[in-house]
There are 2 protein chains.
Amino acid sequence: MGTRRAESTLDNIVCTHDFRINCSDCRLNSICLPIALEAHDIDRLDNIIQRSKPLRKGEHVYRESEPFTSVFAVRSGSVKAYKITGDGKEQITGFYFPGELLGVDGIAYYRHSVSAKALETAAVCEIPFKRLEELSTTLPSLQRHFFKLMSQEITQDQQLITLLSKNSAEQRIASLLLSISARSARLKLSATSFRLPMSRTDIGNYLGLTVETVSRIFSRLQKAGLLDVENKEIRMLEIDKVRKMAGI
Amino acid sequence: MGTRRAESTLDNIVCTHDFRINCSDCRLNSICLPIALEAHDIDRLDNIIQRSKPLRKGEHVYRESEPFTSVFAVRSGSVKAYKITGDGKEQITGFYFPGELLGVDGIAYYRHSVSAKALETAAVCEIPFKRLEELSTTLPSLQRHFFKLMSQEITQDQQLITLLSKNSAEQRIASLLLSISARSARLKLSATSFRLPMSRTDIGNYLGLTVETVSRIFSRLQKAGLLDVENKEIRMLEIDKVRKMAGI
DNA sequence: CGCCTGGTTGAGAATCATCAACATCTGTGG
DNA sequence: CCACAGATGTTGATGATTCTCAACCAGGCG
């Protein structure tokens, strides 16, 4: 009951105290921004990146409608992006894990179109966009990589659109679990055992479901023997069946 | 019964026969790609743009998983983007009207992640991406404009996500109508009277609803006096009530 | 300890999907 | 120009999924 499975949490993959580590040494650099760069170009990028202090749970990386000045890479922990709709409701548009880039939504209008806040203790790298833009003009591979990241954001959003438009509650949950599983694996962590950093309410919000439905489906999947759910700790016992359920 | 309201169709705003018109003379240039450019820079962009022959209804601009080489600007008519999901279903991810850019989804993996086909007779400008990229490095305002367009795509997708996640069938339809109304207005056409280029099935697919539900809601809005629906011709009689219904 | 937030479970209600029948529109060939 | 066929759209009856409301439980923190 009281035991924690801390070894599987996503927020421990880099030491959060040593936030001065630079891009060349960062163990995330194979999935983060500089993937396409040569060593000496990484240093040039490294010079413009600002490493911020760890954020505590609930603290904002940036807020909707704030002037857009930077994009951010998650170093540890996790972040949710959300916007407040016309009628005051929250809509979560994405969850971001270590190595993932957030904030590109702000480029269009020089303002952030969503807010981003830490789901747990988290650290982010801040990359001033103006300087990134300047650097891009002299480093074509950086420009290309940056285009690629924005395009990935589009592809992801479109996947979510499909999920919301066509799939049942069960399929949505299964897909989210598989997505988090894949990201956990990308970080060299377990693909079958991980901790959900977000609340059930957040999951429901993101997937267009109510908390109750989310809760019921977790229970159902557990009863069916596909999952072992213990609060936020998830163990996927039958990942193939989960895949099938998600429609893959 | 037999009378057409052809004056309001979106596909007539430029002469589809004269597809050799260049960017400087194009009446869409204030909303299309070169918005941020000086006259002599527009010429440089103009040189790399290829104008294609008009597409007939159902013809593809590009197909999912084809190698990505170009982005496209709609000159006349309209286009839908869609992808085929794992289990063989179609999911429409967007509708594109004159002056709008499509194809940026392909940048990430050098392949198109969706297919795009003409909803009616349509003409598009093809912009080879490689040359656009090269030109971008010497024209910062073009690079910035291009970032902006990709970012807009993200913002739009996120709006659709919110729509699908939080809103009722009635609200989704109302929102789509308002979106098309706004785009019609941007093309200097009527904001209250326009022709829907897509089928009811397409609308349902895009909004995550069945055809029947779409049809019923059109009927309901007509009975309530908010709309005048005559097949694909829409007249918005009470646009403020539609706005309220959409939650704006 | 008790409060408060977050999560679970149940019963009933609402929305939307499904199935089915029918109407209308489009375009093709006579 | 008409007739027909297939596609597209409308309407109704029924049913399933998910939401809403409500009660209850568990864990974390002052």
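In this structure, Q171(B) atom CD and dA14(C) atom P are separated by 17 Å, rounded to whole Å. Between I217(A) atom CD1 and dA16(D) atom C1' the separation is 14 Å, expressed in whole Å. Atom C1' of nucleotide dG9(D) and atom CD1 of I173(B) are separated by 13 Å, given to the nearest angstrom. The distance from atom CD of E230(A) to atom P of dG7(C) is 15 Å, rounded to the nearest whole Å. If you measure from atom CG of N231(A) to atom P of dG27(D), you get 7 Å, rounded to the nearest angstrom. For the pair K166(A) NZ and dC16(C) P, the interatomic distance rounds to 16 Å; values are reported in whole Å. At whole-Å resolution of the value, CG in N167(B) and P in dT18(D) are 18 Å apart. In this entry the distance linking NZ of K57(A) with C1' of dG28(D) reads 10 Å, nearest Å.
For R216(A) and dG7(C), a side-chain-to-base donor-acceptor distance below 3.5 Å is absent, hydrogens and geometry of angles not being considered. Between the side chain of E170(B) and the base of dC16(C), no donor-acceptor pair under 3.5 Å is found.
Taking the side chain of K232(A) as heavy atoms from C-beta on, and the options dT11(D), dA17(C), dG7(C), the nearest nucleotide is dG7(C). Among dT8(C), dT10(D), dC19(D), the nucleotide with an atom closest to any side-chain atom of V211(A) is dT8(C). Relative to the side chain of L209(B), the nucleotides dG7(C), dT10(D), dA17(C) differ in distance, and dA17(C) lies closest. For A169(B), the listed nucleotide lying nearest its side chain is dC16(C); candidates were dC19(D), dT8(C), dC16(C).
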request  = Go through the steps to decide whether Y96(B) and F72(B) satisfy the test ring-ring contact (aromatic ring centres under 6.0 Å, His included), and finish with yes or no.
outcome  = CA-CA 10 Å; Y96(B) 296 84; F72(B) 299 86; over 10 Å; no
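Counting non-hydrogen atoms of neighbouring residues, nucleotides and ligands closer than 6.0 angstrom, the NZ atom of K89(A) exceeds 12 such neighbours. Around the NZ atom of K166(A), the shell of radius 6.0 Å holds more than 12 heavy atoms that belong to other residues, nucleotides or ligands.
Ring planes of F68(A) and H112(A): perpendicular class, angle over 60° (limits at 30 and 60°).
Within the 4.0 angstrom heavy-atom criterion, only backbone atoms of the sugar-phosphate kind lie near G208(A); the bases stay farther away.
Comparing R200(B) and T210(A) against DNA chain D, the residue whose closest nucleotide sits nearer the 5' end is R200(B). Each of S168(A) and E212(A) lies near DNA chain D, and the nucleotide nearest S168(A) is the one positioned closer to the 5' end.
In terms of heavy-atom proximity, L163(A) sits nearest to Q171(A) at CD1-O, 4.2 Å.
At dG7(C), one or more side-chain N or O atoms of T201(A) fall inside 4.0 Å of OP1 or OP2 (strictly under the cut-off). Distances shown here put every side-chain N or O of S199(A) at or beyond 4.0 Å from the OP1 or OP2 atom of dT5(C).
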